Amino acid sequence: MVITLKKHSDSLTSTQLAIIIMGTILGVSMLAIPRAIIDKVGNAAPLASLVGIGLSSIGLLGLIYLGKRFPQHTFIGYNKIILGKTIGSLFMIVYLMLSVILIGLDTRQFAEVLVGGLLPNTPIHFSIFFMLLLCAVINYSNVSTFAYIHFFYLPLIILPLLVVILPTFKDIEYYHLLPINGHNLSLNGFMSGVVTMMGGISNYFVISMVIPYLKNPKKNAKGGIWGFFIGTFLVLLLNTVALGAFGDQKILEMMWPTLVLARMVEVPGEIVARIDAIFIISWIFAVFTTLLSYYFIVVRGVAEMINSKNYRFISVGTFLIAFLIALIPSDIYDVYNYLLFLWVGGVIFYILYVILLVVLAKVLRKKGSAV
């Protein structure tokens with residue numbers, strides 16, 4: 001049975017949708033993604049990031065198209081309509097499993113950074129437990145609560161990020177950015193950087209679970225486009241500033257270049273001694289909103305698949321599985337190896353799958369009922 005979502009007071013505006021997308025994109029990967037891309041393509045990181053954003057927008061536009069075509073159904077619902085209940089459910093199980101794995105790995109990354117940069121004496125499993133618990137206790141039965149949490153935390157994420165990025169423009173050595181296409185970079189090498197960027201921002205897929213709750217999906221979904229391009233522009237800016245400030249060789253000696261950028265910021269009068277500590281606190285908020293979106297996808301997705309409204313039980317189950325997954329990597333290097341593998345494999349799966357759904361929906365003339 002496919003659940004049809006009725007419009008009620010628990011609905012979202014276009015602005016709230018944009019904020020959700022921004023808050024989800026600006027998350028865990030902000031610390032690691034500059035190094036990950038520069039490691040692949042060197043000086044071509046800004047260009048690879050830009051191409052990655054362009055290709056990722058194909059997936060976004062596909063999801064918006066499907067959301068307008070099936071305005072009363074989530075990603076879970078219109079999968080079953082287009083592919084049939086059995087095949088659609090199998091693909092959704094894979095999709096939800098990937099989301100749970102990302103919750104676990106991103107939480108482990110958060111814990112490693114917290115220990116390395118702010119609380120060195122805190123046990124890693126302690127940080128993992130409480131971050132996952134914080135996400136698990138949220139009431140996922142109310143979509144507007146989910147949106148309000150993103151709305152509250154977004155300024156606390158963006159403002160410190162700008163405080164780090166803007167002052168470091170004076171430290172950019174522009175020869176670090178040249179040539180823009182890299183040094184003797186092959187097409188395969190360039191595309192590896194592009195796919196890494198696409199993977200780092202692929203969490204915009206949360207839009208597929210919230211479009212049905214828009215007051216008018218056919219008109220208000222454009223908020224998702226604004227949220228996507230603002231969020232990804234900030235990631236592009238961060239990659240460019242990191243490369244310009246450090247160069248493609250020196251940056252490979254750093255685990256978290258963004259954190260080093262924060263340590264370079266000087267406040268006049270030394271009113272604030274450690275900008276990097278403030279930035280890490282801001283980054284914790286970003287981690288929370290990203291994990292919150294993954295939780296929302298999993299909890300609401302599983303509930304819809306089994307036709308249940310017992311969100312609390314599903315949330316607790318997600319918490320337990322994600323906690324165990326977070327303990328699997330032996331160290332931060334293991335975490336990034338797993339993440340890079342999932343970013344590359346996951347983003348290819350996501351994009352191709354969305355294109356497949358769009359094509360089949362048009363060819364088979366599948367369409368949801370109007371709102």
Side-chain angles (χ1 to χ4, degrees), residues 2-8 10-25 53 55-84 88-89 91-92 95-96 98-99 140 142-144 146-147 150 198 201-232 292-294 296-305 346-347 349-371:
V2 177
I3 297 177
T4 299
L5 302 171
K6 295 181 179 180
K7 296 296 167 188
H8 45 74
D10 187 28
S11 56
L12 306 177
T13 64
S14 180
T15 302
Q16 286 175 314
L17 177 62
I19 289 172
I20 289 171
I21 301 302
M22 278 189 282
T24 303
I25 289 175
I53 292 170
L55 292 179
S56 292
S57 66
I58 296 173
L60 175 76
L61 294 174
L63 290 173
I64 291 176
Y65 171 81
L66 290 168
K68 291 181 177 180
R69 196 174 181 94
F70 302 90
Q72 291 185 288
H73 298 281
T74 67
F75 195 43
I76 309 296
Y78 57 69
N79 262 276
K80 296 179 182 179
I81 295 174
I82 297 172
L83 298 177
S89 296
F91 275 107
M92 285 304 93
Y95 172 65
L96 294 174
L98 283 173
S99 298
Y140 292 99
N142 193 314
V143 180
S144 57
F146 170 69
H150 274 280
M198 292 172 69
I201 60 175
S202 63
N203 38 27
Y204 66 84
F205 263 70
V206 68
I207 193 175
S208 64
M209 296 298 292
V210 297
I211 282 182
Y213 297 96
L214 289 171
K215 291 179 179 179
N216 189 332
K218 293 190 175 182
K219 292 182 179 179
N220 293 347
K222 63 184 180 182
I225 298 175
W226 281 107
F228 173 81
F229 282 111
I230 293 173
T232 54
L292 189 71
S293 292
Y294 282 138
F296 183 84
I297 290 171
V298 174
V299 173
R300 300 290 297 213
V302 171
E304 188 171 343
M305 284 192 68
V347 77
F349 167 74
Y350 291 153
I351 299 294
L352 294 180
Y353 190 58
V354 169
I355 293 173
L356 174 66
L357 291 178
V358 170
V359 171
L360 289 178
K362 290 184 71 70
V363 171
L364 300 177
R365 297 182 180 178
K366 299 281 188 178
K367 194 174 184 180
S369 56
V371 179

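Please read these numbers as outputs of a predicted model, since none were measured by experiment. Along the sequence shown, residues carry numbers from 1.
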Between [Y] and [X], is there a side-chain heavy-atom distance shorter than 4.5 Å?
X: S57; Y: F229; value: yes
X: Y204; Y: T24; value: no
X: F228; Y: T232; value: yes
X: I64; Y: K222; value: no
X: F75; Y: L63; value: yes
X: F205; Y: S293; value: no
X: V210; Y: R300; value: no
X: F70; Y: I82; value: yes

Testing the basics here: between [X] and [Y], what is the closest heavy-atom pair and its distance to 0.1 Å?
X: G77; Y: E304; answer: N-OE2, 3.3 Å
X: I297; Y: V206; answer: CD1-CA, 3.8 Å
X: A18; Y: G223; answer: CB-O, 3.1 Å
X: M198; Y: S56; answer: CG-OG, 3.4 Å
X: G59; Y: V354; answer: O-CG1, 3.9 Å
X: R69; Y: K367; answer: O-CG, 3.5 Å

[atom2] on [Y] to [atom1] on [X], rounded to 0.5 Å:
X: K68; Y: I211; atom1: NZ; atom2: CD1; result: 8.5 Å
X: Y213; Y: T13; atom1: OH; atom2: OG1; result: 16.0 Å
X: H150; Y: L17; atom1: NE2; atom2: CG; result: 10.5 Å
X: L83; Y: L364; atom1: CG; atom2: CG; result: 9.0 Å
X: I351; Y: L60; atom1: CD1; atom2: CG; result: 9.0 Å
X: M22; Y: I230; atom1: CE; atom2: CD1; result: 4.5 Å

Query raised in the report: Aromatic ring centroids of F349 and Y95 under 6.0 Å?
Result: no
Report task. Determine, using ring centers only, whether F146 and Y140 are less than 6.0 Å apart. Result -> no
Report task. Quick one: do S14 and W226 satisfy side chain to side chain contact (heavy atoms under 4.5 Å, CB included)? Show the steps, please. Result -> CA-CA 9 Å; S14 180; W226 281 107; over 6 Å; no
Query raised in the report: When you measure from the side chain of R365 to the backbone N and O of L360, does any donor-acceptor pair fall under 3.5 Å?
Result: no
Query - Among I21, I20, L214, side chain to side chain contact (heavy atoms under 4.5 Å, CB included) partner for I207 - result: I21
Report task. Start with the C-alpha gap between H73 and N79, add the side-chain angles, then the distance that decides, and say whether side chain to side chain contact (heavy atoms under 4.5 Å, CB included) holds. Result -> CA-CA 9 Å; H73 298 281; N79 262 276; over 6 Å; no
